[in-house]
Protein chains: 2
Amino acid sequence: MRKSVYTFGNGKADGSAADRALLGGKGANLAEMSRIGLPVPAGFTITTEVCNHYSSHGGKYPAGLDKEVAKGVAFIEKAMGKEFGSRENPLLVSVRSGARDSMPGMMDTILNLGLNDETTGSLARKSGNPRFAWDCYRRFLQMYGDVVMGVQRRAGEHHEPFEEVIDHLKSERGAKSDLDLDVEGLKELVKRFKRLIKDRTGREFPADPKDQLWGAIGAVFNSWNNDRAVVYRRKYGIPHSWGTAVNVQAMVYGNMGETSATGVAFTRDPATGEKVFYGEYLINAQGEDVVAGVRTPHPIAQLKRDMPKAHAELEAVRRRLESHFRDMQDFEFTVEDNRLFMLQTRNGKRTGLAAVRIACEMVREGLIKPEEAVRRIPADSLTHVLAPVFDAEDRRRAIKEGRLLAKGLAAGPGAASGKAVFNAEEAVEMAHRGDKVVLIRIETSPEDLRGMIAAEGILTARGGVSSHAALVARQMGKVCVCGCGDLAIDYGKKEMVAGGRVIRQGDPISIDGTLGEVYAGKIKSAPSEVVQVLVNRTLDPKSSEAYQNFAQLMRWADKLRRLDIRTNADQPDQAANAIAFGAVGIGLCRTEHMFFEGDRIYSVRKMILAENGDQRRAALAELLPYQREDFAGIFRAMKGYPVTIRTLDPPLHEFLPHEDEAIRETAAKLNTTPDAVRRRVEALHEANPMLGHRGCRLGNVYPEITEMQVRAIFEAAAEVMAEGTPVRPEIMIPLVGYPKELSLQLDIVNRVADEIKRQTGKRIAHQVGTMIEIPRAALVADEIAAHAEFFSFGTNDLTQTCLGMSRDDSANFLPQYQEMEIVPTNPFASIDRGGVGALMRIAIEKSRAVRPKIKLGICGEHGGDPSSVEFCHELGLNYVSCSPFRVPIARLAAAQAALKEKAAKRKPRSAATKRGSAKPTKRVKAKSAPKRNAKRR
Amino acid sequence: MRKSVYTFGNGKADGSAADRALLGGKGANLAEMSRIGLPVPAGFTITTEVCNHYSSHGGKYPAGLDKEVAKGVAFIEKAMGKEFGSRENPLLVSVRSGARDSMPGMMDTILNLGLNDETTGSLARKSGNPRFAWDCYRRFLQMYGDVVMGVQRRAGEHHEPFEEVIDHLKSERGAKSDLDLDVEGLKELVKRFKRLIKDRTGREFPADPKDQLWGAIGAVFNSWNNDRAVVYRRKYGIPHSWGTAVNVQAMVYGNMGETSATGVAFTRDPATGEKVFYGEYLINAQGEDVVAGVRTPHPIAQLKRDMPKAHAELEAVRRRLESHFRDMQDFEFTVEDNRLFMLQTRNGKRTGLAAVRIACEMVREGLIKPEEAVRRIPADSLTHVLAPVFDAEDRRRAIKEGRLLAKGLAAGPGAASGKAVFNAEEAVEMAHRGDKVVLIRIETSPEDLRGMIAAEGILTARGGVSSHAALVARQMGKVCVCGCGDLAIDYGKKEMVAGGRVIRQGDPISIDGTLGEVYAGKIKSAPSEVVQVLVNRTLDPKSSEAYQNFAQLMRWADKLRRLDIRTNADQPDQAANAIAFGAVGIGLCRTEHMFFEGDRIYSVRKMILAENGDQRRAALAELLPYQREDFAGIFRAMKGYPVTIRTLDPPLHEFLPHEDEAIRETAAKLNTTPDAVRRRVEALHEANPMLGHRGCRLGNVYPEITEMQVRAIFEAAAEVMAEGTPVRPEIMIPLVGYPKELSLQLDIVNRVADEIKRQTGKRIAHQVGTMIEIPRAALVADEIAAHAEFFSFGTNDLTQTCLGMSRDDSANFLPQYQEMEIVPTNPFASIDRGGVGALMRIAIEKSRAVRPKIKLGICGEHGGDPSSVEFCHELGLNYVSCSPFRVPIARLAAAQAALKEKAAKRKPRSAATKRGSAKPTKRVKAKSAPKRNAKRR
């Protein structure tokens, strides 16, 4: 076993920022700060390897650790000029956890360790503040008794035992608050705390600081495996095997009077990214006071007036930190009697907006290279850059007023306010009247589509982040909160009950799709600047710094990535948005979404209710001009980019009405009886529609449907080409499992295409391909590739069939499965590499064997998920396709995947875990991006 | 190109029975008969290769064919002492198709070719019967005009043109029937027929026999691709590439007076297999007369009196055919003026009963070896041996009386009569009262199970041959007709309308599950002898020859096969039946079928409605004794054979009531409100239950369910072991996709098992394994095998997920898909080797890599399908498991698979198509078995 204890302080350190894995983030950065000459109270770090040894050896330490710790203590004593346990000049230390990734508040911390009856006396003398010393002591006893010795509330007890002792004493002495206890009172409290500890544990409180120290070290290691830490790691994907380090560090005090202070600061504004010194502090206070919010801290700028020297030092520290770590830092400091100490630094958390701005500005400042800027920004965080936002002040007010009704899943980022409406038709009507509306449904279906288009936001009680509502919302860039189980929605009464309030149709509500929150009443919001520039075109790009940064980042990303990014879009305006966001083609145009526009649904129903081929062809003839018009619109919007059009996919019953009123209406429109309609609805009912009569099974049983759609596509193509716009249609046949399913449809496509090319004289360059969305297709991909010019992986359905797991029904077990770590991630959010990924590999290998240049893409919802984009990059696909508002995310993720691959090629695997200290700065950077991604997976 | 024309006759032949592929079945056997000295009219066969050349070269013949045909004609002329086109002694020939497999009536035939005005005169003179000669001539003109020259009814015409000419002439001459036309009349008819041909085709009828011959040859080759032939081949799996041969053979006449006759005979009785000369004949008649049924033919025994010499010759022929072909033959003969001619022989079609008897007796007679007996019997035909049967006479009467109501899918072979009943509960009640009932449902669900048990037979309007009804029926050995779309069932009125009749509850009906027929009224039936011996034990095995033969066949099969056969059984009596049928274990015991017995469904519902773990555990505690009792019963019945028990699989909503009345009843029983029940029903509703919260997803979210089931299994095991019966439980976890799903359930199983083993002191040797039924499981089989001692392929669900195809919903497209040849077979009947088979291979390879001795089986419905059994043998599985009544079929199929493998190893692939004539007899045998299987695929 290598060295277990690493010291830091006095401008030196055994470790460095590169030792994050071994020393934890806190320990590594304390070492690094010490190394670069920042004023760090001396201390030492016990490595994560000791934690793992301790965990796997039933709480035993490795041999020799005691000696190393003793040396570490001696080092601190020397550096600080104090002595552990000394009556004259006692050294006090803090003992803190520190994992590789920050896990705030999850593990234990012990402060003021080293106090006993005697050292407390010295502290009182040296500080000249006996009350402060005894208050420290009684706090230490309480913390130690609780954390290390396990004096905690037992089942049946109403109060924490230490609090109960305090309350007793206060009532005895007529004290209202702790502050009313004087030194004598605190001394009495100390006595009683010791007695409590003895009573509860049968053991004396250890007066010897060395005993205290070992107790605290063990407690911190144990806390790595406490419940909340385990749950936290599971949630953020942190391996249990990482372990925590323990940091033992000399105490310094910000509460030694008016010449002392403590604070937290950022080197730039973490909300906006602006390059200002940002933070807050309190005079004569301890660190907890700043965080706890009991006293209101002052903005950091004010420190210049209160403590000009400390402020100047801090400004220097701030510059040094940024120039050294080359990232925005979040740090803690204490001023003890006018002397500045740095207690911690780490890369600061920031909003997506800030992330982009900081990265771009750091490149301009020469701090980092563009590649680093691209690597560093979590791709998903770009949603913040694009989403409309609630005014922060207005939101706070709403919470204060108790208007936060419920929390659901954050399914479509952004903020929306509007009148509540409980059905799609009335949503459309109200929107026509100029109202902004939020559509509220138990769950949505394609029949709700027009209402969803009309609404500002969508709120559902059922369904996960890949439910119909979420999927459509993301594609449209709509705000969406879904799966909000606490809503009791009553369609009949057109109202819902939530958070104890009744919301009736027309009442204003607000939803935050970034946080998953639902509010009563209106909260102010606005579209993001990027959207104002690119989509609404209401803002001059030159006047928006946010847009400029975003555009710069995208340019860098585009230079790095190998994957093309396409979009899933069914409407010309969606297509136009996607181009604005950087898509270079449509990867999935679902023809059926068009079927719900206007009155055409009745032609669709006529087609479905047809009793023979002639009737069906007549109904299809009615649909032809509509579809032609739709496709022409898309071709125009796409300006020559390829457009992948999928032929009809959903089962026909999805287009039929199901409620009595709608059935009557349809019957009247189509000159038939409600009974006839109902019979057809029943006949088409399916036990498992996902696995039913859909996809190319429709086009093969009713070839006239495919024929009409193909005719519409090519007639539209000829029309748009005649206008001078190039057109590149790619016809995609869905749900193919058998080669002949594709070849028969291919025959229709080519026959109709040839006919129209002949008639119009236009040379329309088209391709025909298929979706790979059922396992069989992947397994016989060689046979299918014989007929297909391209494959597009339909990973939504491929996930459902490969896993035997319905997206819609998985809510009953998938959350528990994630909790129980049966599934590593939600397979509908991130591609399941073990199963779905294996099928993709088989399909790629088999198809390229027979058709080496086959074009391969993905058009499932996964196309907008950074981890899945990375996987697609690894697989060597040609493109990913995602909803328009996720195109920038996919562009960034694709660039990051390329960078990661490059890095992996540059250094062999073993180097990633090699320790060293040569050029720590760069090492930290190189590791931080993938780590951050990993956390979000 | 090799030789195109093969002659036969005069005790010689160019070809032999081994040339079936080249000469077709008819041609090869004519050659063989000639070769062994049987009296065959001379002729020649044009090969199937010519057919393929003709098809692929737009109707052109290979060079040199004309010369070969001319030589062939010369051969016939010489052999028969007649001359083609001669006025004195004209040769007349028949031109017939003849494919490798018989395709009765699908292709064209032309008789009496060679007739023209002049040769007809000679025929009249030589036969001394001018009317016969002119009748032949006008028939030839009609046949040739229709088949070769295409004079057929046109759209809008009501009659066949030739028939219209006849009708005109008859009315002119006051003739009532054709027989009233004298020679002059027939001559006039000939004149008018020629005119008709000229008018319709613009061409003269060709008088030159050589022209006639080439016309006929082309017509026969063309008829290989006519619609009905194509449809037939598709239905019976005959490759289009086989082509037909053309047989040109000298005509002989059975209608030359009282010394002539014609007949059809079998060397043994094809219905019972009895070794008697079986057949029929007519004196002074042509072949068609026997088949057409205008005159009633006489039984062959009578020929001994009518034509003693011919009869004796035929008896000799019969013996020679059997000793030579070593199989029961179906042959045609003609006696022309006391001279016997053999026109055809082929292996006779037979019932399953006959197949078994004939094979067994031929072994005893030394004609064939046991291996050949096993190879030769189509495994599926054993259903006939096991199924109850309708009395043939009684069935004919029912048809005559118009009582055949409808036809559906033959889903559970056998015959059943009983009172119609439209719901399960009343079925049970009526059965209790002693009535035999037939349960009629639109479709069945597990709720109908008790009714299905109570019923003699099951009839459904919806669902295919693997619907719930069919599946359960086969498992129970019940008669079942399903998917009978012509039934209009009204549950409310408790009646159905079918075939124009109303059948009310209580009315007698009869269903034939072997033929898929539904009759009004009762038809007599009885269980098969084998079932009487093995299941009912009402018949002494020694007194049943049918049973003895069956048992002998099974013994032979068991010696040959490598696969073990297990059964799918949920009840002790099913298990006992399966053992009687030869199963050596249970491969799938579905625990949930037990949940519907008696009142226990209410405990199940209580468990589902539970609001917390405690309530759920209480309800499960109620179920525990029931389940224990169930398992004990099965362990007792299985007498130490392994029993694979699957933990709870279906989604919970399958156990809840859905109709108002049942909901109220359940609420009352469980002391809750109907609304509460309804809410739970709604909450559990799933969009795609097949892909929903089921299988181990239940056991993982509610571990207490698994715990209860495992407890019941091991307590039952201990109890039965205490009685002295060995027990081998195998716990099977369903629907595993992720390794941890299995390992978590494994932990429960082993914990509970250990506890009970400790408590009872019984050493229960158990195994834990999983089903491989979703693609992901196959793809990560190595990871799963780390936790599993066995895999059982659940090919039902694996087919549904791999193909993305719901068994229940596929009726809307799968029949068309088979028609369109998109799917080679119904994937729910026979394993889809390309997709599902590929997953199985992956799973086997991956699992054996980490656990070489892992036990592998299959428990889908495919386990009873011979083609799938063969595939499982190829894959090297350890066992297949199927419903009890299919166990004998699987035993036979497994033996056949082993034989096929042995044969393939013995001779390299190329030998199979090599021609030759050395020992034709054996060759024919070796090929016939696989071919017959292929036909049934």
Side-chain angles (χ1 to χ4, degrees), chain A residues 651-652 683-695 697-698 700-701 735 737-741 743-744 773-780 783 797-814 816-817 820-824 827 832 834-839 842, chain B residues 651-652 683-695 697-698 700-701 735 737-741 743-744 773-780 783 797-814 816-817 820-824 827 832 834-839 842:
Chain A
L652 296 181
L684 287 178
H685 172 80
E686 295 186 312
N688 292 289
M690 170 63 213
L691 309 175
H693 192 188
R694 48 173 290 241
R697 296 165 191 167
L698 292 170
N700 275 313
V701 171
L735 212 74
Y738 292 87
K740 196 163 176 186
E741 285 181 298
S743 69
L744 289 174
E773 52 185 336
I774 54 179
R776 193 181 202 280
L779 294 163
V780 300
E783 296 172 42
D797 283 3
L798 195 57
T799 300
Q800 298 198 80
T801 47
C802 177
L803 273 50
M805 200 183 278
S806 162
R807 197 174 61 184
D808 300 323
D809 303 318
S810 59
N812 278 327
F813 57 90
L814 203 48
Q816 283 101 314
Y817 264 39
M820 294 162 81
E821 299 182 42
I822 291 174
V823 295
D832 161 50
V836 175
L839 285 175
I842 290 172
Chain B
L652 296 181
L684 287 178
H685 172 79
E686 294 187 313
N688 292 288
M690 170 64 213
L691 309 175
H693 192 190
R694 48 173 290 241
R697 296 166 192 168
L698 292 169
N700 275 315
V701 172
L735 212 74
Y738 292 87
K740 196 164 178 187
E741 284 182 298
S743 69
L744 289 174
E773 52 186 334
I774 55 179
R776 193 181 202 281
L779 294 162
V780 301
E783 295 172 43
D797 284 2
L798 195 57
T799 300
Q800 298 198 77
T801 47
C802 177
L803 273 51
M805 201 183 278
S806 162
R807 198 174 61 184
D808 300 324
D809 303 320
S810 58
N812 280 328
F813 56 91
L814 202 48
Q816 283 102 314
Y817 264 40
M820 294 163 82
E821 299 182 40
I822 291 174
V823 296
D832 161 50
V836 175
L839 286 175
I842 290 171

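Reminder, nothing fancy here: chain letters follow the sequence lines and each chain counts from 1.
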Note to self: I'd like to know which of B:P651, B:G737, B:P775, B:A838 tops the heavy-atom pair count under 4.5 Å against chain A.
What the structure shows: B:P775
Check: Top residue by heavy-atom pair count (under 4.5 Å) with chain A, among B:G834, B:A777, B:G695?
Finding: B:G834
If you compare all heavy atoms of [X] against all heavy atoms of [Y], which two are closest, and at what distance to 0.1 Å?
X	Y	result
B:D809	A:N688	OD2-N, 2.8 Å
A:Y817	B:V701	CE1-CG2, 4.5 Å
A:P689	B:A687	CD-O, 3.4 Å

Against chain A, label [X] side chain, backbone, both or neither, depending on which of its atoms sit under 4.5 Å from a heavy atom there.
X	answer
B:L744	side chain
B:E783	neither
B:Q816	side chain

Working to the nearest 0.5 angstrom, can you tell me the gap between [X] [atom1] and [Y] [atom2]?
X	Y	atom1	atom2	answer
B:H693	A:S806	NE2	OG	12.5 Å
B:M805	A:I774	CE	CD1	6.5 Å
A:L684	B:N812	CG	CG	6.5 Å
A:Q800	B:M690	CD	CE	12.0 Å

Check: Given the options A:S810, A:G835, A:G804, which has more heavy-atom pairs under 4.5 Å with chain B than any of the others?
Finding: A:G804
Margin query: I'd like to know which of A:L839, A:L803, A:I842 tops the heavy-atom pair count under 4.5 Å against chain B.
Written below: A:L803
Check whether [X] gets within reach of chain B through its side chain, its backbone, both or neither, counting any heavy atom under 4.5 Å.
X	value
A:V836	neither
A:L698	neither
A:L814	neither

Less than 4.5 Å apart, side chain to side chain, heavy atoms only: is that true for [X] and [Y]?
X	Y	result
B:N700	A:F813	no
A:K740	B:E821	yes
B:L779	A:C802	yes

Checklist line | Pairing residues for A:D797 by the salt bridge (Lys or Arg N to Asp or Glu O under 4.0 Å) criterion, not counting sequence neighbours | finding: A:R694
Item checked: With sequence neighbours excluded, residues passing side-chain hydrogen bond (donor to acceptor under 3.5 Å, both in side chains) with A:R776 -> B:D832
